[in-house]
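So the structure is just underneath, and the comments pick up after that.
Only a predicted model underlies this, so the values are computations on that prediction, with no experimental measurement involved. Chain A is the first sequence line, chain B the second, and so forth, proteins listed ahead of strands; every chain is numbered from 1.
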Number of protein chains: 2
Amino acid sequence: MTTKKKTKDLILDAAEELFAIRGFYGVSIRQITTKADVDPALASYHFGKKKDIFDAVMLRRAEILNRERIQTLDDCIRRAKPNPAPLHEIIDAFTHALLNRSNKGGKGWRSYFAIIAQINNHPELGGIIMSQYFDPLAKKFLQAIRANMPDANDEDLYWCYHFLSGALTLTFSGTERINKLSDGLCASSDLDAVHERLVPFITAGFKAFMRPFGHQ
Amino acid sequence: MTTKKKTKDLILDAAEELFAIRGFYGVSIRQITTKADVDPALASYHFGKKKDIFDAVMLRRAEILNRERIQTLDDCIRRAKPNPAPLHEIIDAFTHALLNRSNKGGKGWRSYFAIIAQINNHPELGGIIMSQYFDPLAKKFLQAIRANMPDANDEDLYWCYHFLSGALTLTFSGTERINKLSDGLCASSDLDAVHERLVPFITAGFKAFMRPFGHQ
DNA sequence: AATATATTTCAACACTTGTTTAATTTTTGC
DNA sequence: GCAAAAATTAAACAAGTGTTGAAATATATT
């Protein structure tokens, strides 16, 4: 028995889809409420300012993702005890939930990640919400890596994380330039193919700077 | 004798700076012309529609960059003859001009790359201009890598390029999250530090998939 | 110097923007 | 069933949107 969707969610769904395509400034409240088949005033009534709608869109799935990713990382660390977790498993834990949802989570999730891809390169909008939810996880992730590579240089470590972040988020954007560049050789939507390659690519990048635990 | 700047360039400069901060939809023509200290009607007169202003902003520096990067890549290939160019030199050729301009080119260039960082994750806006100028270079770059790694798998190669592209453009965005995450350990503006790390990171990533020429 | 072309100005266009107000309807708790 | 609270509607707000047209000025060409 699926009850009728509440107005709040109708608005968030519509906003999510539109923000993904045209960005925050490229979408008007009337476009959102029209798509949601709802009166424009309800957006203000339920959320307040336009930016608050955007924040609500971000928040909704960030909570889910955050729980999932922390869990995966913890599992991976626990499994390896008393040794530090292997690097490629840490990176897999960091990326898997994201790519999986992006690939198999349906249209809503795909839109959500498209927004993240924009925001990650545009700090003014990501703002508090994103930092609040993703920075703690990033720190946890970096701690896990450090446990694996105790002699790692701080700056090296953070830049490597930065590169990972960039490679990952560009993938979310769903750009089809890959397709064009490869003359159609790549099915850009097959995110399993991405995951298979992203993890070893990034792992190798990290290892270029630091010898992992157990190797000399 | 520096002649007074022409209106066209005044508009482009202002547009460039504003687009970098708030994106295409977040900037109005009146904001641009006000910043340029110029009548709003002049924007239409000189460029046409708003999108045409944006395209002109993109075009102006794309031409310069394109020339520079092709030259660097060709030099690097010529130097190595008759052998294929070393992988890290190819990647350096691909990134150096960009990071250098972004770092030492002044405010205009920094704005320009911030726009690219947004566009790279947002195909609707990048559109024809960017593909037209950057795709041919990307192909040249991939050819050079293939010469180095003749047995490289096509799909692997293109995904690796994708990761490089993501890591590179995120760097352009000038996000300061790195700073926050590292508790201020990283000076995010020091792009020399980026370059020192980006090239080995990416090189290692590529090599994870393909043995370079000469190594077995 | 006179003509032709290019540029600039100012005002206005019709339309959309985010947000608010007050009246009305629906839902809730008792 | 009744009162209180929540949700929805419709209309309006001032401000800003991209773009255009015609008149005025500056520049270039002969």
- prompt: Please give, in whole Å, the distance from D/dT17 C1' to B/Lys50 NZ?
  reply: 9 Å
query: So, the side chain of A/Tyr112 versus the backbone of A/Met58: is there a donor-acceptor pair under 3.5 Å, distance only?
result: yes
field: Parallel, tilted or perpendicular, as decided by the 30° and 60° cut-offs, for the rings of A/His195 and A/His96
entry: perpendicular
query: Do A/Ile119 and A/Phe24 come close enough that some side-chain heavy atom pair is under 4.5 Å?
result: no
Atom pair distance, as rounded to whole Å: CD1 in A/Ile11 and C1' in D/dT8: 11 Å
- request: Could you tell me whether B/Asp13 and B/Arg60 make a salt bridge, using a distance below 4.0 angstrom between a side-chain N and a carboxylate O?
  value: yes
- prompt: Thinking salt bridges, do B/Arg78 and B/Asp75 make one under a 4.0 Å N-O criterion?
  reply: yes
statement: Under a 4.0 Å heavy-atom criterion, DNA chain C is touched by chain B from C/dA6 to C/dA12
query: Whole Å only: how far is the CZ atom of B/Phe24 from the C1' atom of D/dT17?
result: 12 Å
- line: Rounded to whole Å, the CG-P distance (A/Leu10 to D/dA7) equals 14 Å
- request: Measure the distance from OH on A/Tyr25 to P on D/dG18 and round it to the nearest whole Å.
  value: 14 Å
Sub-6.0 Å ring centroid separation between B/Tyr25 and A/Tyr25: no
task: Could you list by number each residue of residues 26-42 of chain B showing a heavy-atom separation from DNA chain C of less than 4.0 Å, or answer none if no residue does?
output: B/Arg30, B/Asp39, B/Ala41, B/Leu42
message: Does the structure place the NZ or CZ of A/Arg69 under 6.0 Å from the centre of the six-membered ring of A/Phe94, at an angle of no more than 45° from the ring's axis?
response: yes
task: With the side chain counted from C-beta on, respond yes when B/Ile77 and B/Glu89 share a heavy-atom pair under 4.5 Å apart, and no when they do not.
output: no
